[in-house]
There are 4 protein chains.
Amino acid sequence: MSHNSFGHLFRVTTWGESHGPAIGGVVDGCPPRLPLAEADIQPFLDRRRPGASKFVTQRQEPDQVRILSGVFEGLTTGTPISLLIENQDQRSKDYGEIRDRFRPGHADLAYELKYGIRDHRGGGRSSARETAMRVAAGAVARRVLGPGVTIRGALVAMGGDAVDRADWDWSAVDENAFFCPDRAAAARWEEQLLALRRSGSSVGAVIEVVAEGLPPGLGAPVYGKLDADIAAALMSINAVKGVEIGDGFAAAALTGERNADEMRMRDGRVEFQSNHAGGVLGGISTGQPVVARFAVKPTSSILTPRASVDRFGEEVEVLTKGRHDPCVGIRAVPVGEAMLACVLADHLLRHRAQNPDAPEVARLPRN
Amino acid sequence: MSHNSFGHLFRVTTWGESHGPAIGGVVDGCPPRLPLAEADIQPFLDRRRPGASKFVTQRQEPDQVRILSGVFEGLTTGTPISLLIENQDQRSKDYGEIRDRFRPGHADLAYELKYGIRDHRGGGRSSARETAMRVAAGAVARRVLGPGVTIRGALVAMGGDAVDRADWDWSAVDENAFFCPDRAAAARWEEQLLALRRSGSSVGAVIEVVAEGLPPGLGAPVYGKLDADIAAALMSINAVKGVEIGDGFAAAALTGERNADEMRMRDGRVEFQSNHAGGVLGGISTGQPVVARFAVKPTSSILTPRASVDRFGEEVEVLTKGRHDPCVGIRAVPVGEAMLACVLADHLLRHRAQNPDAPEVARLPRN
Amino acid sequence: MSHNSFGHLFRVTTWGESHGPAIGGVVDGCPPRLPLAEADIQPFLDRRRPGASKFVTQRQEPDQVRILSGVFEGLTTGTPISLLIENQDQRSKDYGEIRDRFRPGHADLAYELKYGIRDHRGGGRSSARETAMRVAAGAVARRVLGPGVTIRGALVAMGGDAVDRADWDWSAVDENAFFCPDRAAAARWEEQLLALRRSGSSVGAVIEVVAEGLPPGLGAPVYGKLDADIAAALMSINAVKGVEIGDGFAAAALTGERNADEMRMRDGRVEFQSNHAGGVLGGISTGQPVVARFAVKPTSSILTPRASVDRFGEEVEVLTKGRHDPCVGIRAVPVGEAMLACVLADHLLRHRAQNPDAPEVARLPRN
Amino acid sequence: MSHNSFGHLFRVTTWGESHGPAIGGVVDGCPPRLPLAEADIQPFLDRRRPGASKFVTQRQEPDQVRILSGVFEGLTTGTPISLLIENQDQRSKDYGEIRDRFRPGHADLAYELKYGIRDHRGGGRSSARETAMRVAAGAVARRVLGPGVTIRGALVAMGGDAVDRADWDWSAVDENAFFCPDRAAAARWEEQLLALRRSGSSVGAVIEVVAEGLPPGLGAPVYGKLDADIAAALMSINAVKGVEIGDGFAAAALTGERNADEMRMRDGRVEFQSNHAGGVLGGISTGQPVVARFAVKPTSSILTPRASVDRFGEEVEVLTKGRHDPCVGIRAVPVGEAMLACVLADHLLRHRAQNPDAPEVARLPRN
């Protein structure tokens, strides 16, 4: 991926720092004549918004998105869509003490070594605030994919405590503050996170994102694999340290017999008996649901002092008092959905460029 | 990543099918005046070569690489380096029965649905044979990184049986057929794999790759993150289903205190007390070793019949009798090293384009 | 070039329509720690600004640029620089009559056929207003190139009446409304253009842009040629129909003897006796001034009715009453300079990525 | 454009030096199931082949192309197409004397300053031999465009002597050694070129390329303009110094009234009364023929000694005795056609990715 852009045909570029006047993004390559308004994007931003519950950062940002170009009389025009959110609650004074000190686990030191300069306020460009633009772009991507494609996400583990898949209920996801599909797990997490928050600590999480209703054929054989692009997209989210497709790491412990997704025909279409592959074979979608998971490390901003250094090469102790998410993985759920949507929209356009007559379902014989 | 290319400045394009006349690759953007000969590339290919032990496919391919351009009098010229390996042992008749049948877990069906045509012989473009070119390109990338950077890989788990990190010995890696750093594990695996091979089954594996001696500063803030590009590169390897950086999925179970890599100064340089981050913070290398792992699913070619379908939409049973790797993860070790080397070489060039005066070590104050 | 972006390492993306709320751009890949403020960009915008003289469109736009990201305490940070100009004088009613009618020579019909929708107000995305962002990006590019590189442009012909090169005086360029280096020609053009303006007609022009002080080595051998990228960059400016490097089309009438730029040594550097090549040989800069010219067609918006058609396939007569430039070539001068600056900045970064030890002057022996 | 690649979806990468073992190219992104064989490519190569007449270099190269991948049972598979031509007549000894000397007008010096190394034999990578691969890729591009699109080229001026457009006859183009559409001009040129060849001199030329039968809608609004990409593609051909679309530089001398291509309707389609625009408005094709011209400078290899310098910074005289084209513009005709075909194929794929329901002709109302 490029510095601050990704995608080939559906291409997203973002800009902005945590405490600058605004953050924004440009979505280029969107097909024309799709209905699009700010009201189509805002609900997704509201799901990711800081200050929405006691389990996320208390920074107050309405995150009202404005569309500045690329839409005319309610329809996309095929020209670049500029999205902008003004920053409101930039309490810079909170960050004075980390101007010269590098917080362990943060991007601070890496930026300093690379650039020799950084906007330290709120993490500057490395702030999770940037992910608002991913979510906005994802809302546009959903328009490109159309109503037949559903993309959903859920938190499936927090701090080592996983959901019970037997109790998975998508309708539970929007009923708790964790995007948790298992009501019992959500109840446990609530207690755990309140305790963590009181102690100024933090914890990691695992998120699962699923796309259903996709046509087969998205992806490309070798380097342009659908799952390779999904991996990059999810790994590019702040604090992500691992990405899986389908069975993921668990597949490494399986035999070939167990791992094979057997196939039968139903109504002229291929029907798989299982989905170990996560909807992708040889880098190309099969028409099954695309299933990916990613691991988010615990927020590095904690109240316990940690050994560190400063810009001048002096040894210091650092603790972070600002407003932070005790589990940044929670707000990563809508971000993961959005990144998956963007990658799929891009590959949909790439696929139909090369294969305009490919079938929309796994029909055999093909044509 | 593009269809059959990856990298921005150090850019690799490959071509070729398993049973075509040859496979090849083009490495574009390599800096000039680096010593390079076929003998610099061949040893890496020999490590990946089929037929090298009883635990890998018995296809006999000498995999002799030829450099067709971009090198003059023993030095790179800055122009594209064309690499070519002629295919020798294309026993096409083995594959006649899978011409019209889709092997479960293989790319066969996905290719058919996407393109409506495929070279079925040996998997065509989806064959692991393509990875020989990744290894060759990786050898060139090592030249770009220079002798101060070491890139090594090892098999760390096979079929759920992991190495004991307390017994890790890099020198063991080249002493067994598994690239296993733990001699006791290697002995166990030998027995397990012989049994699997006899039964015509297969098993998955986990590979770890490590780069040491890197400068800090490789990567870019948001989408061009070093770890995002590593994730895509490793996920693009055949049969890979998961990728991790540093602690990876385990980080999701940690608290912020545990996950923080504390820092001290030594001789004017930052010294980390741990490496949970895997050498990357905020998408940018810190100068610590870059550590990545990836999971390889079991080979889909097995002797046990599996329910499947054919091109005409008929239900069939499929078993695969050709020559295959019972654990394709073994030969993925040199491939993973090569992909890591290519990504690092690309980011090294990108970094010095933007930051020509950045330090080569984690020195503070920076300059 | 991509839809709305260009450049590889110094990458510019623009967005916005003529009568939308704002236009903007994102400059990604800029090196860090370069001094940059709005005041560094504004003077270039002021040169291109509409309403500045009676020879350009009378639309009143202050074109005040705001930097929304990528600059901290007066220095670039290496993160994307977002530039924004709010539109002020969007007199949409002027354009009501061209909502459904295609102006001959305009992009109207082409947009309609491609997208099936367009923001017709003021030309929407195809408006020359977009070029303000090119000029702003060019100001950033000049920072990247540094004070040793000078980029200047001039109008060298208007409506077939060319300057006399014997009377070329760079200091004249800013003394007249035409960026004309020949005072006598400027006086002639003033009369001609007043007459044209009265008659509601328009006329074409030729612009020359020159970059001095460049290092040798910018460019790449085959497709990444410096002059190929300059050609694309200049041809992408609205209304441009031709591009030349050095002697350009005149070179086609020369013999090899005449065309050869002979070389001598002076003070350890190569000194050329002429510059037919325009500073580029084999796609790579030689250290001589880079000289390019481009032809701008006459503005298509004229008062004389022309035969045309409308969206419904009806034949109509079209004349354009809005505010327009009688010679759009005039304001193309700062735009051409800016595009040249952006291409050179991009190639400077690309060159030093691959060749960090290349000399900054045409020194022999090289090193 | 990238170093040695161009195109976004139909992407061409070439490699190889004049006197290396082979030259080659990779065409990635070609749609599947197009009939393609070596015999479809060879006729285009034969038109460009050296040694074909007394007016081109006498190097004897059969230029037999081999397809090494991407085609199965006579059809493209959607995977990369590898093309290879072995070099036969590498008379390296001819070039011994230019090992250390820079030929004026050649890429020699620029390569030395950039890379500090070059394969001097026959110009190495900067040799016009590379253009064989452009021609081969162009033959594949024609398959993508389909039989409804015709791409032709002609030499329209040699050394300042232009064809008479009133006598233009496409059938004459293949009857003379110059690809000249005007039989009288061809007769004149034959005499002129024989004289030039005897004197060891050379001369420049202008080539016109025309694409007919294109759909409207190819291109993109701002930077991805069809004509911008054509300009880059043609300017990237060796020795090209200028590019025009439609009226080109002549448009700069026109008034808006003269330049406007008026439109009428015929049978539900837009019919233009003229084609000053060269088939492109606002960067997007209108369905009219796309017309481009490019200027080729005289071959720099001449027998008259010219003042130059050598690698060591010594002043020398250089004359070139090797086998060269007295008018390299002649063989540029098939190369120009090929580059136009490649750009159009790429834009066709890009267009249908974003606008799958756009009409194939300039029909109004659109849909």
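Throughout, a chain's letter reflects where its sequence line sits, starting with A, and its residues are numbered from 1. Remember, it's a predicted structure, so these values are computed and weren't measured experimentally.
- No side-chain donor-acceptor contact under 3.5 Å links Arg125(D) to the backbone of Val222(C).
- Contact check for Lys241(D) versus Leu254(C): no side-chain heavy atoms found under the 4.5 Å cut-off.
- The environment of CD in Glu271(C) is crowded: more than 12 heavy-atom neighbours from other residues, nucleotides or ligands sit within 6.0 Å.
- Between Phe102(D) and Val270(C) there is no side-chain heavy-atom pair separated by less than 4.5 Å.
- In this structure, chain D has heavy atoms under 4.5 Å from both the backbone and the side chain of Glu257(C).
- Between the CG atom of Leu113(C) and the CG atom of Leu218(D) there is a distance of 11.0 Å, given to the nearest 0.5 Å.
- If you tally non-hydrogen atom pairs under 4.5 Å between each of Thr304(D), Leu234(D), Thr286(D), Val12(D) and chain C, the highest count goes to Thr304(D).
- Residue Ala277(C) touches chain D through both its backbone and its side chain, counting heavy-atom pairs closer than 4.5 Å.
- Two residues are said to be in side-chain contact when any heavy atoms from C-beta on lie closer than 4.5 Å; Arg311(C) and Pro365(D) fail this criterion.
- At a 4.5 Å heavy-atom cutoff, the contact between Phe312(C) and chain D is made by backbone atoms alone.
- Here Gly219(D) is the residue among Gly219(D), Gly124(D), Ser126(D) with the most heavy-atom pairs under 4.5 Å with chain C.
- Nearest heavy-atom pair across Arg306(D) and Ala260(C) is CD-CB, 3.7 Å.
- Most heavy-atom pairs under 4.5 Å with chain D: of the set His3(C), Met235(C), Arg264(C), Glu244(C), this distinction falls to Arg264(C).
- Most heavy-atom pairs under 4.5 Å with chain C: of the set Ser5(D), Pro216(D), Gly283(D), Ala362(D), this distinction falls to Ser5(D).
- Proximity to chain D is limited to the backbone of Thr299(C), based on heavy atoms less than 4.5 angstrom apart.
- Taking every heavy atom of both residues into account, Met263(C) and Pro104(D) meet most closely at CE-CA, 3.8 Å.
- For a residue to count as touching a neighbouring chain, one of its non-hydrogen atoms must lie under 4.5 Å from one of that chain's; by this rule Ser2(C) touches chain D with backbone and side chain alike.
- Only the backbone of Phe294(C) comes within contact range of chain D, with heavy atoms under 4.5 Å apart.
- Glu262(C) and Ser308(D) share no donor-acceptor pair across their side chains, judged by distance under 3.5 Å alone.
- Ranked by heavy-atom pairs shorter than 4.5 Å toward chain C, the options Glu314(D), Arg134(D), Arg293(D) are led by Arg134(D).
- Nearest approach of Ala110(C) to Ser285(D), heavy atoms of both residues: CB-O, 4.4 Å.
- Proximity to chain C (any heavy atom under 4.5 Å) is shown, for Pro221(D), by both the backbone and the side chain.
- Counting non-hydrogen atoms of other residues, nucleotides and ligands closer than 6.0 Å to CD of Glu360(C) gives a total of 12 or fewer.
- With rounding to the nearest 0.5 angstrom, the CD1 atom of Ile284(D) is 11.5 Å from the CD atom of Glu112(C).
- Between chain D and the options Arg258(C), Met265(C), Lys225(C), the largest number of non-hydrogen pairs under 4.5 Å is found for Met265(C).
- The choice from Asp310(C), Asp261(C), Val203(C), Asn4(C) that makes the most heavy-atom pairs within less than 4.5 Å of chain D is Asn4(C).
- Nearest approach of Ala107(C) to Gly282(D), heavy atoms of both residues: CB-CA, 3.6 Å.
- Neither the backbone nor the side chain of Ser301(C) has a heavy atom closer than 4.5 Å to any heavy atom of chain D.
- Among Val318(C), Val243(C), Ile302(C), Asp229(C), the residue with the largest count of heavy-atom pairs under 4.5 Å with chain D is Val243(C).
- Between chain D and the options Gly242(C), Ala307(C), Gly248(C), heavy-atom pairs under 4.5 Å are most frequent for Ala307(C).
- With a 4.5 Å cut-off on non-hydrogen atoms, Met339(C) touches chain D through its side chain but not through its backbone.
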Residue pair Tyr223(D), Thr13(C): steps toward the side chain to side chain contact (heavy atoms under 4.5 Å, CB included) verdict: CA-CA 9 Å; Tyr223(D) 302 115; Thr13(C) 300; over 6 Å; no
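- Put simply, the side chain of Arg366(C) gets close to the backbone of Lys114(D): a donor and an acceptor are under 3.5 Å apart.
- The heavy-atom pair separating Ala252(C) from Ala295(D) by the smallest distance is CB-CB, 4.2 Å.
- Side-chain contact check for Leu281(D) versus Tyr111(C): every heavy-atom pair is 4.5 Å or farther apart.
- In this structure, Asp247(C) and Lys297(D) have side chains that are not in contact, with every pair of non-hydrogen atoms separated by 4.5 Å or more.
- For the set Ala220(D), Gly160(D), Gly313(D), Gly246(D), the entry with the most heavy-atom pairs within less than 4.5 Å of chain C is Gly313(D).
- At distances below 3.5 Å, at least one donor-acceptor pair connects side-chain atoms of Ser202(D) with backbone N or O atoms of Gly256(C).
- Ranking Gly159(C), Gly105(C), Ala358(C) against chain D, the residue ahead of the rest is Gly159(C), based on heavy-atom pairs under 4.5 Å.
- Looking at Ala205(D), only its backbone comes within 4.5 Å of chain C, counting heavy atoms on both sides.
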Could you walk me through whether Leu364(D) and Val309(C) pass side chain to side chain contact (heavy atoms under 4.5 Å, CB included), step by step? CA-CA 9 Å; Leu364(D) 287 176; Val309(C) 299; 3.8 Å; yes
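- Looking at Arg269(C), neither its backbone nor its side chain comes within 4.5 Å of chain D, counting heavy atoms on both sides.
- Side-chain contact between Val240(C) and Ile245(D) is absent, with no heavy atoms from C-beta onward closer than 4.5 Å.
- Of all heavy-atom pairs between Pro298(D) and Ala251(C), the closest is CD-O, 3.2 Å.
- Interface remark: Gln273(C) contributes no atoms to any contact with chain D (heavy atom separation under 4.5 Å).
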